[in-house]
Chemist: 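Sharing a structure, written as C-alpha cells. Questions coming.
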Amino acid sequence: MTYNPARQFRCTIIRGKAKNALDNLLPAYAKIISDICPSPKDQFALQFNERLSEILGESVEKTLNNHRTEIAGKFFGMYYEDVHGTIISSDRTEKYLEDSDQPAFFKDICFKFQFPNGMDKSENVIEKFSNGVSIRQFPYILKLLVLSEQRGLRLTKDEIGYYVLNSLDVLSGRVDPSVVLDFITSDRNAGIKKKVTVTGKASSYSMQHINEQLNYLELANLIRIDNKIISLNHRENETISFMSDYWNKDPEFNVGGYNLKDSVQRKQFYFDWQLFYSSLNKELKFTTSVDSLNIKVQPSGNGTSVIVDTNLIGEEGENFVLQFEKNRVSSFDHRLVRKVIYLGKTRGLGFDIQSVIAEPGEYSEFVKYIEVKTTKRVTVPDPRDPSWIDTVNLTRNEWVAAAQHRKYYSIYRVYLTPENVTIFTINDPYTKDEEGTIRCKPINYRLDFTNSSIDSVLSS
DNA sequence: GGTACCCGTGCT
DNA sequence: AGCACGGGTACC
C-alpha cells in the first residue's frame, strides 16, 4: 500500500461534551441509565434529561438531548434500543457500575471503535465508506507509538493528526506504521512541520476530533500527553500489546454489508451497530491495575511523596485505607493502633475495617466501623466542584451496619488516580440519608423460591 | 415538522 | 488553545 500523506481526509468523531467534568458525568450517566432502564424511549428521554439537569444545572433542552443521544448513547454506547422500542442499559454501562474502573471503560471504547461506524449521520458514513476508509484507529495509533519508541522517536499530537488520523491512506488501513514513521523522520530531517488545517475554518474544525481521540487514549490510561508530546504508559504494556496487534485487522463491524441508500437497510444498520458497539465480548474484560496508575504517595499523605509498593494498596484499596487509618489513629494516640483491624476477608459483617474514633472528646476510644469503596479514574476528584456527585453501591449488610452503628460507621470513598490516592470520608451515612444530605436507594432484587413456586421441571 | 449528529462560536 | 453550548442542518 502506497503512502502519500498529502492525501488528507477529515474523519470526525462526535465532539465531546464531557471531558472536563467526566469524573462527575460518566458515573452520573451510568447511574441514571441503569436506574431508569428498561424504559420506553420517550420516558427514557424525559427522565434522563430531568436527572441530568440536576447535575448540569440550568440547561437548555437541546443540550440535554445532545448529551443523551451523542455522548451517552452513540459515543459511549451506554444504552441501546431493542426491537420493541425499549431502551436497555448496555453491558458497558453495567460493567462500569460493577467495577468502577473508568480507564477500563475507555479501553473498551478504544478497542471497539472503528471507521466507518454507526455514530455518524448516514451521509458521513457513506462518504467515509466510499472513500475506502476502514480502520481500527486506536490500535493503529498504539502500534505506531510502540514502533516509534523503539526508534527513540516521540510523536506529537500534530504529527498524529496530519500523518495518521487525517491521512486517507492510513485511514484506508494497512499502511505499515513503519512507513509512516520513515516519512515523519524524513520530514523532520528536512525541517518540514505538518499540521492539519482547513482554510477558512477555526482550529476546532480541523483539530478537535483529533485531539479528542488522543484524549480518549489518555483516559484509557494507555498514553500520556505532556506538552503535546505523546508517550506510552508502559505500566499498561500488556493491554497496549494486545490492542496494537489489531492495527491491521479489519474493523469488526462490516459497514459494507448494508446498502445505506436504502432506508430499510439503513435503519437496520444503525440498529445492528448500536447493539454491536454497546455490547462487550464476554471473554474480553479490560481492567486497570493499581500498578498501572503508578501511584506515588504514602498513606499518611503528609506531603512527602514516595513511591510505595503498589502491592500494599491492593486492587481494592483496602490495605491502603488500613495503613492510612493506622497512621491517623497513631498520630492521635499510638497505643490505640492495635485496635485497627482489617476484617475485609470476613463476609457479611457490613464493613472492612474495625477502628477507633480517635478524635478529641468522650468518644475518642469508641469503636468505629469503616467500609471501603474504591474507584479508579484518571483525574483527581475536586470536592469544591459544585456539580460534584458520586455513587457507591452498598450491600444490604453494609446498610444494616450503617443503620446499627450510626455515628460509629463511616464509608471511606477511595479514588485511585495516576500518581495519587484521594480518600473522602463519609461519617454516619444513615443519619445523612434521614437528613437528606445523602440519597440511598435500594436497587437490588433477590428472588427466593421454593418448590411450590416452580411451574415445571425441564431436563434432557 | 421533529430528531439528532454537525459544528460555529464564545467562554475559560 | 481547548472544549462544550446550543443553534445549524440533513435526514427521517
Side-chain angles (χ1 to χ4, degrees), chain A residues 9-26 28-29 40-46 48-49 52-53 55-81 85 87 113 115-129 156-158 160-161 165-166 195-219 225-230 255 258-271 273-274 277-278 378-379 382 384-387:
Chain A
F9 182 84
R10 184 168 179 266
C11 192
T12 58
I13 62 166
I14 286 170
R15 189 172 284 187
K17 296 179 193 299
K19 193 191 173 230
N20 287 339
L22 194 69
D23 285 339
N24 296 354
L25 282 176
L26 180 58
Y29 287 161
K41 199 178 176 187
D42 53 342
Q43 279 299 308
F44 174 78
L46 214 64
F48 184 102
N49 287 14
L52 185 63
S53 68
I55 292 153
L56 292 179
E58 202 75 14
S59 290
V60 170
E61 196 68 22
K62 203 146 190 297
T63 303
L64 297 170
N65 287 340
N66 290 346
H67 273 269
R68 190 185 74 251
T69 58
E70 292 187 85
I71 307 300
K74 286 286 181 172
F75 192 29
F76 289 176
M78 299 181 80
Y79 62 84
Y80 63 92
E81 184 178 347
I87 306 295
F113 206 103
F115 290 126
N117 58 60
M119 300 180 202
D120 297 340
K121 274 225 159 45
S122 59
E123 60 167 345
N124 289 326
V125 184
I126 290 167
E127 201 207 350
K128 287 181 175 110
F129 182 76
T156 66
K157 292 207 303 189
D158 285 347
I160 297 278
L165 288 175
N166 213 53
K195 186 179 161 65
V196 180
T197 47
V198 181
T199 46
K201 295 283 189 181
S203 71
S204 73
Y205 182 85
S206 38
M207 278 303 284
Q208 186 160 355
H209 53 284
I210 290 165
N211 285 332
E212 290 184 354
Q213 284 174 86
L214 292 167
N215 287 344
Y216 290 114
L217 274 176
E218 193 173 30
L219 291 170
I225 305 171
D226 185 20
N227 195 23
K228 291 197 157 207
I229 310 278
I230 299 158
V255 175
Y258 302 83
N259 175 11
L260 296 174
K261 300 248 162 69
D262 176 78
S263 72
V264 175
Q265 286 198 45
R266 192 167 54 227
K267 204 173 166 196
Q268 190 66 41
F269 162 74
Y270 283 115
F271 180 87
W273 166 265
Q274 193 63 14
Y277 183 69
S278 67
V378 282
T379 62
D382 179 8
R384 291 163 305 176
D385 182 343
S387 69

Chemist: Would A:Arg68 and A:Tyr79 count as a cation-pi pair here, with the cationic atom under 6.0 angstrom from the ring centre and within 45° of the axis?
Modeler: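 No, A:Arg68 and A:Tyr79 do not form such a contact.
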Chemist: Once you apply a heavy-atom cut-off of 4.0 Å, does A:Lys19 come out as touching a base, just sugar-phosphate, or nothing?
Modeler: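 Sugar-phosphate contact only - A:Lys19 comes under 4.0 Å of backbone atoms but never of a base.
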Chemist: Does A:Lys121 put a side-chain nitrogen or oxygen below 4.0 Å from OP1 or OP2 of C:dA10?
Modeler: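 For A:Lys121, the contact criterion (side-chain N or O under 4.0 Å from OP1 or OP2 of C:dA10) is not met.
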Chemist: Pick out which of A:Tyr277, A:Tyr270, A:Phe271, A:Phe269 makes a ring-ring contact (aromatic ring centres under 6.0 Å, His included) with A:Trp273.
Modeler: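 Exactly one pass, corresponding to A:Tyr277.
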Chemist: Quick one: which of C:dG7, B:dC6, B:dG8 gets closest to the side chain of A:Ser204?
Modeler: B:dG8
Chemist: Starting from P on B:dA4, measure out to OH on A:Tyr79 and report it in whole angstrom.
Modeler: 8 Å
Chemist: Looking for any heavy atom pair under 4.0 Å, which part of the strands does A:Lys267 touch: base, sugar-phosphate only, or nothing?
Modeler: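 Touches nothing.
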Chemist: How many Å lie between CD on A:Glu70 and P on C:dG8, as a whole number?
Modeler: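 Going from CD in A:Glu70 over to P in C:dG8 covers 16 Å.
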Chemist: Considering just the side-chain nitrogens and oxygens of A:Lys157, establish if one lies under 4.0 Å of OP1 or OP2 belonging to C:dG2.
Modeler: yes
Chemist: Between A:Asn49 and A:Glu61, does the side-chain contact (heavy atoms from CB on, under 4.5 Å) criterion hold? Intermediate values first, please.
Modeler: CA-CA 8 Å; A:Asn49 287 14; A:Glu61 196 68 22; 2.9 Å; yes
Chemist: Tell me which of A:Arg15 and A:Arg68 sits closer to the 5' end of DNA chain B, going by the nucleotide each one is nearest to.
Modeler: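 Result: A:Arg68.
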Chemist: Quick check on the 6.0 Å ring-centre criterion: do A:Phe113 and A:Phe75 meet it?
Modeler: yes
Chemist: Look at all strands and tell whether A:Asn215 reaches a base, only sugar-phosphate, or nothing, counting heavy atoms closer than 4.0 Å.
Modeler: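 The residue A:Asn215 makes sugar-phosphate contact but no base contact.
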Chemist: In whole angstrom, give the distance that lies between atom NE2 of A:His209 and atom P of B:dC6.
Modeler: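 Interatomic distance, NE2 of A:His209 to P of B:dC6: 11 Å.
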Chemist: Look at A:His67 and C:dG6 and indicate whether a side-chain polar atom (N or O) is within less than 4.0 Å of OP1 or OP2.
Modeler: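 No.
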Chemist: Output the single nucleotide from C:dG6, C:dA4, C:dC11 whose closest atom is nearest the side chain of A:Asn20.
Modeler: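 In terms of side-chain proximity for A:Asn20, the closest of C:dG6, C:dA4, C:dC11 is C:dA4.
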Chemist: Please pick, from B:dC7, C:dG6, C:dC12, the nucleotide with the shortest atom-to-atom distance to any side-chain atom of A:Arg10.
Modeler: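 Side chain of A:Arg10 sits closest to B:dC7.
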Chemist: Which of the following nucleotides, B:dG8, C:dG2, C:dC12, is nearest to the side chain of A:Lys228?
Modeler: C:dG2
Chemist: Please give, in whole Å, the distance from C:dC12 P to A:Lys261 NZ?
Modeler: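 Rounded to whole Å, this separation is 12 Å.
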Chemist: Could you check how far CD1 of A:Ile14 sits from P of C:dG6, rounded to whole Å?
Modeler: 19 Å
Chemist: I want to check one thing: is the phosphate of C:dA10, taken as OP1 and OP2, less than 4.0 Å away from some side-chain N or O of A:Asn124?
Modeler: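 For A:Asn124, the contact criterion (side-chain N or O under 4.0 Å from OP1 or OP2 of C:dA10) is not met.
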Chemist: Over how many whole Å does the gap from A:Asn49 atom CG to C:dG6 atom P extend?
Modeler: 13 Å
Chemist: Please determine whether a side-chain nitrogen or oxygen atom of A:Thr63 lies at a distance below 4.0 Å from atom OP1 or OP2 of C:dG6.
Modeler: yes
Chemist: Using a cut-off of strictly less than 4.0 Å, decide whether A:Asn66 has a side-chain nitrogen or oxygen near OP1 or OP2 of C:dC5.
Modeler: no
Chemist: Could you tell me how far apart A:Asp158 (CG) and C:dA1 (C1') are, to the nearest whole angstrom?
Modeler: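 It works out to 11 Å between those atoms.
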Chemist: Check every atom of C:dG2, C:dA4, B:dC5 against the side chain of A:Gln208 and return the nucleotide holding the closest atom.
Modeler: C:dA4
Chemist: When you check the phosphate oxygens OP1 and OP2 of B:dC6, does a side-chain N or O of A:Lys201 lie under 4.0 Å from one of them?
Modeler: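 Negative; the distance criterion is not met.
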Chemist: Please state how far atom CE in A:Met207 lies from atom P in C:dG2, giving the value in whole angstrom units.
Modeler: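 Distance check: A:Met207 CE to C:dG2 P gives 7 Å.
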Chemist: Taking only the side-chain nitrogens and oxygens of A:Thr69, find out if one of them lies under 4.0 Å from OP1 or OP2 of B:dC5.
Modeler: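 Result: yes.
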